[in-house]
Student: 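This structure is in structure tokens; I'll ask about it shortly.
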Amino acid sequence: MTAVTADHHVPTAPSQHGPFRRYVFGAGWIRAAWMFCLFGGIGFGLTVLARWGGGWHPILYTQPIVLLSLLVAAPIGFLAGLGTFDYWTYYALGHPTRAEDHSGHGARSWRDYFRVNTDHKVIGVQYLVTTVIFFLIGGMLAMLVRAELARPGTQFFDTQTYNGLFSVHASLMIFLFVIPAFAGLANFAVPLMLGAADMAFPRLNALSFWLLPIAGVMMVSSFFIPDGAFACGWTGYAPLCSSHQPLGAVFFNQGVQWAGASSIMTALNFLVTIITMRAPGMTFWRMPLLVWANFTTSLLVVIATPFIAGSQFFSMFDHVMHTAFFDPGNGGYALGYQHIFWFYSHPAVYIMMLPGFGIMSEVIAVFSRKPIFGYRLMALSLMAIVVLGFSVWAHHMFVSGMATWLRVPMMVTTLLIAIPTGIKIFSWLATIWNGKLHFNTPFLFALGFLSMFVIGGLSGVMLGAVPIDIHVSDTYFIVAHIHYVLFGGSVFTIFAGMYYWFPKMTGRMYSETLGKLHFWLTFVAFNCTFFPMHLIGVEGMPRRVADYAPRFAAWNMFISLSSFALGASVLVFLYNMITSWRHGEIAPSNPWRAMTLEWQVSSPPPTFNFTEIPQVVGGPYEYGVPGAVHAILTPSHATEVPAEVGV
């Protein structure tokens, strides 16, 4: 829970309204409930009125009514009811500017995490808790998929339901866990690292979080509508998803839109914060690499996300309005969807990786007690990935029927982008080399990331070669590759970040024993689950199919049992986090003896982070350098780390 200092708390002015009116009409969950229904009803009425006025029959047509009332208007009403628009609405209506009493800033009790809050630290925790919930739901769907695949033949689900299970699983893991979990960690840490009091736009920051549960609920609720969930994969390929799927496909389209809007708002906020709110003396070359990573990630998000928004709008129009953007039978261009989608979604791979690279730089430097090797080259390699990331999208389409002349250029750029990634791998290894290593849980996950991501990267280089890609396309080799990149890469770094900043977020220490148990269970079960998929993929087992040849039965039983063990390992993490948050040992302000600014304030930090503006005077990773200082808060609180700290 975020700490509150008494000198910053200004009591809220007493309301002029009675308690009943405050209860029903004041911002909060009660108002959100009735405004959700009200706006949904307005959306329903406007849709019916428009269809009646236009002479379109049937007037009560399910798809546009559900889209406009349930997936657009009602969520806007929910957000308005919570109070996300109150300040802007008050301003837009021409009322006098209200004095800010900061009553909606900071957490004074657990209830403050369930309302609109403008404190970046509270928002960071809201992000992380929400994403862990969707991680658990997505993991349960994966368990159901593996239960079906444990033996050949049909066990529990028909093919359409099975397709829906893996489609929603992948969508939740990508759009509702990996991407926003990194946003949550960055929301908490980046303003503190910069020496800022908050994000540049606190109210926009609050709004961007509350868009996220809307997107997740849409995707999960698609299971409960007639004909079931969207069942065309997280890629939503057209015309399969745009013309040949039930209404659940529209839930996917809109869920991606809400999640994408959240990402864009967050990215713009990070860019402005990083560019304009750095503490005095913090040049770009003194920024921690986590800040660099989120700066480059935000550039990717702002540039690339509008493309997936466009693809989902066009797909939704084909589904609901019967346009023909991607319908070949009516002059549409089906491959156009894939080009637009992957122009976003391959940069999205780096959106899901670059923040993890930043976390690894923080963790490896601290627990190796050494400066980051090649700091400037590490930062520049992040920028190189941003540029090259937009030149490789069509390697996902080698077997799609696209123009053959495009294959070789895309193969070359795919192999080329391995260079800046390789720079980072070797820099981390050089940082670890001859370091005074401390094998705490965050560092174990960092080492696990290095080994797993290298395996995923090597299989990615293989897939960049046209002949190999043609052979293993749409097999379990692809499933193994993406999980070694996104689980062995992204999820391992998210766990490392959660353990690393847990003392700062909660003011409590986690159980190191349970943390290490969680790591080893995860590491072993993960490899037992996904490494054999390389083997059965090369032998030709197709992915996204509910049945398979009996010759793959033994491996699939082993994979399914391993996946259940992987799921069980998460229970150790949850138990550790929950019990440590409530009963863990009180954390000191700097348990890791780190140099970056977030560790130079109390755990958890004060509401407005710093009582005075820090003065940055050196680099963030000068471990073992005598007299090294990153920043000065007061003469008695210099962030000097003694040279003997590495012992």
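None of these values were measured; they are calculated from a predicted model.
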Student: Donor-acceptor pairs under 3.5 angstrom involving side-chain atoms of residues 57-73: please list them, not counting sequence neighbours.
Tutor:
unit_1: Gln63; atom_1: OE1; unit_2: His319; atom_2: ND1; d: 3.4
unit_1: Ser69; atom_1: OG; unit_2: Ile65; atom_2: O; d: 2.4

Student: With rounding to the nearest 0.5 angstrom, report the OG1 to CZ distance, Thr131 to Phe182.
Tutor: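 Rounded to the nearest 0.5 Å, the OG1-CZ separation comes out at 10.5 Å.
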
Student: Does the side chain of Met498 come within less than 4.5 Å of Phe502's, by heavy atoms?
Tutor: no

Student: Could you tell me whether the side chain of Ser263 and the main chain of Ala259 form a donor-acceptor pair under 3.5 Å?
Tutor: yes

Student: To the nearest 0.5 Å, tell me how far Leu172 CG sits from Ile133 CD1.
Tutor: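 Between atom CG of Leu172 and atom CD1 of Ile133 there are 12.0 Å.
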
Student: Of all heavy-atom pairs between Gly106 and Val122, which one has the smallest distance, and what is that distance?
Tutor: C-CG2, 3.9 Å

Student: Checking Asn187 against Lys121: is there a side-chain donor and acceptor pair closer than 3.5 Å?
Tutor: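 Result is no, nothing qualifies.
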
Student: Does a donor on one side chain sit under 3.5 Å from an acceptor on the other, for Tyr333 and Gln338?
Tutor: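 On atom types as modelled, these side chains do not qualify, holding no pair under 3.5 Å.
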
Student: Closest heavy-atom contact between Ala267 and Val302?
Tutor: CB-CG2, 3.8 Å

Student: Side chains of Arg544 and Phe166, heavy atoms from C-beta outward: is any pair under 4.5 Å?
Tutor: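 Answer yes - side chains close enough.
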
Student: Run through Tyr350, Trp342, Tyr344 and flag the one making a side-chain hydrogen bond (donor to acceptor under 3.5 Å, both in side chains) with His346.
Tutor: Tyr350

Student: With distance as the sole test, does Asp112 use its side chain to make a donor-acceptor pair with the main-chain N or O of Arg108 at under 3.5 Å?
Tutor: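 Confirmed, Asp112 side chain pairs with Arg108 backbone.
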
Student: Keeping the roles fixed (side chain from Asn609, backbone from Ala196), state whether a donor-acceptor pair exists under 3.5 Å.
Tutor: yes

Student: Hey, does Cys232 have a side-chain heavy atom less than 4.5 Å from the side chain of His244?
Tutor: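 No, too far: nothing below the 4.5 Å cut-off.
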
Student: Using the ring pair (Phe, Tyr, Trp, His ring centres under 6.0 Å) rule, take His105 and Phe608 through it: C-alpha gap first, then chi angles, then the decisive distance, then the call.
Tutor: CA-CA 9 Å; His105 189 93; Phe608 294 95; 4.7 Å; yes

Student: With a 4.5 Å heavy-atom cut-off, do Phe177 and Ile494 have their side chains touching?
Tutor: yes

Student: Can you tell me how far the OH atom of Tyr113 sits from the CG atom of Asp119, to the nearest 0.5 Å?
Tutor: 8.0 Å

Student: Quick one: sort the Phe343 and Phe390 rings into parallel, tilted or perpendicular, breaks at 30° and 60°.
Tutor: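 Because their plane-to-plane angle lies in the 30° to 60° range, the rings of Phe343 and Phe390 count as tilted.
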
Student: May I ask you to decide if the ring planes of His120 and Phe188 are parallel, tilted or perpendicular, using 30° and 60° as cut-offs?
Tutor: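 Answer is tilted, since the angle falls between 30° and 60°.
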
Student: Does the side chain of Thr297 pick up a donor-acceptor pair with the side chain of Asn294 at under 3.5 Å?
Tutor: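 On atom types as modelled, these side chains do not qualify, holding no pair under 3.5 Å.
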
Student: Do other residues, nucleotides or ligands put more than 12 heavy atoms under 6.0 Å from Tyr91 OH?
Tutor: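 For Tyr91, atom OH is not crowded (no more than 12 foreign heavy atoms under 6.0 Å).
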
Student: For the CH2 atom of Trp581 and the CE atom of Met505, what is their distance to the nearest 0.5 Å?
Tutor: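 Atom-to-atom, Trp581:CH2 and Met505:CE are 8.5 Å apart.
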
Student: Are Trp210 and Trp29 near enough that their ring centres are under 6.0 Å apart?
Tutor: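 Yes - the distance between ring centres of Trp210 and Trp29 falls below the 6.0 Å cut-off.
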
Student: Just how far is it from atom CD1 of Ile264 to atom CD1 of Ile303, taken to the nearest 0.5 Å?
Tutor: 11.5 Å

Student: A side-chain contact here means heavy atoms from C-beta on lying under 4.5 Å apart; do Phe209 and Asn205 qualify?
Tutor: no

Student: Can you see which heavy atom on Gly507 is nearest to which on Pro604, and at what distance?
Tutor: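 Between these two residues, the closest heavy atoms are CA-CD, 3.6 Å.
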
Student: Measure from the side-chain N and O atoms of Gln245 to the backbone N and O of Phe230, and report whether any donor-acceptor pair falls under 3.5 Å.
Tutor: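 The answer is no, because no donor-acceptor pair under 3.5 Å joins these two groups.
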
Student: Should the ring pair Phe325 and Phe317 be called parallel, tilted or perpendicular, given that the plane angle runs from 0 to 90° and is split at 30 and 60?
Tutor: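 Plane angle between 30° and 60°, so tilted.
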
Student: Dump the intermediate steps for side chain to side chain contact (heavy atoms under 4.5 Å, CB included) on Phe252 and Ser222, then the final yes or no.
Tutor: CA-CA 8 Å; Phe252 168 74; Ser222 65; over 6 Å; no

Student: Can you find a heavy atom in the side chain of Ser490 that is under 4.5 Å from one in the side chain of Met353?
Tutor: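 Touching, per the 4.5 Å side-chain cut-off.
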
Student: With distance as the sole criterion, is a donor-acceptor pair present between the side chains of Tyr127 and Thr266 under 3.5 Å?
Tutor: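 Yes.
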
Student: If you count heavy atoms of other groups shown closer than 6.0 angstrom to CZ of Phe114, is the number above 12?
Tutor: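 Incorrect, the count does not exceed 12.
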
Student: Go through the steps to decide whether Tyr337 and Ser242 satisfy the test side chain to side chain contact (heavy atoms under 4.5 Å, CB included), and finish with yes or no.
Tutor: CA-CA 10 Å; Tyr337 177 91; Ser242 61; over 6 Å; no

Student: Between Ser580 (side chain) and Met577 (backbone), is there a donor-acceptor pair under 3.5 Å?
Tutor: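 Pair absent, no side-chain N/O of Ser580 close to backbone of Met577.
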
Student: For Asp327 and Ser243, test the side chains for any donor-to-acceptor distance below 3.5 angstrom and give the result as yes or no.
Tutor: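 Result is no, nothing qualifies.
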
Student: Specify whether Phe85 and Trp88 have parallel, tilted or perpendicular ring planes, treating 30° as the upper limit for parallel and 60° as the lower limit for perpendicular.
Tutor: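 The rings of Phe85 and Trp88 sit tilted, inter-plane angle from 30° to 60°.
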
Student: Verify side chain to side chain contact (heavy atoms under 4.5 Å, CB included) between Met316 and Phe313, making sure each step is shown before the conclusion.
Tutor: CA-CA 5 Å; Met316 182 186 66; Phe313 271 126; 3.6 Å; yes

Student: Are any side-chain N or O atoms of Thr118 and backbone N or O atoms of Arg203, one a donor and one an acceptor, separated by less than 3.5 Å?
Tutor: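 Pair absent, no side-chain N/O of Thr118 close to backbone of Arg203.
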
Student: Mind listing the closest non-hydrogen atom pair of Ala293 and Pro355 along with its distance?
Tutor: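 Heavy atoms of Ala293 and Pro355 come nearest at CB-CA, 4.1 Å.
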
Student: I need the minimum non-hydrogen distance between Gly104 and Arg115, along with the two atoms involved.
Tutor: CA-NH1, 3.3 Å

Student: Determine whether Ile30 and Phe25 make a side-chain contact, defined as any pair of heavy atoms from C-beta on separated by less than 4.5 Å.
Tutor: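 Answer no - side chains too far apart.
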
Student: Would you confirm whether Gln312, through its side chain, and Gln254, through its main-chain N or O, come within 3.5 Å as a donor-acceptor pair?
Tutor: no

Student: Rounded to the nearest 0.5 Å, what separation is found between the OG atom of Ser345 and the CZ atom of Phe307?
Tutor: 12.0 Å

Student: So Leu165 and Val168, side chain to side chain contact (heavy atoms under 4.5 Å, CB included) or not? Walk me through it.
Tutor: CA-CA 6 Å; Leu165 289 174; Val168 179; over 6 Å; no

Student: Should the pair Phe495 and Phe135 be assigned to parallel (<30°), tilted (30 to 60°) or perpendicular (>60°) ring geometry?
Tutor: perpendicular

Student: Does a salt bridge link Arg31 with Asp86, judged by any charged N lying under 4.0 Å from a carboxylate O?
Tutor: yes

Student: Might you point out which heavy atoms bring Leu149 and Val545 nearest each other, and give the distance in Å?
Tutor: CD2-O, 3.8 Å

Student: I'd like to check Leu144 versus Phe157 (side-chain heavy atoms, cut-off strictly below 4.5 Å). Are they in contact?
Tutor: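 Sidechains of Phe157 and Leu144: in contact.
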
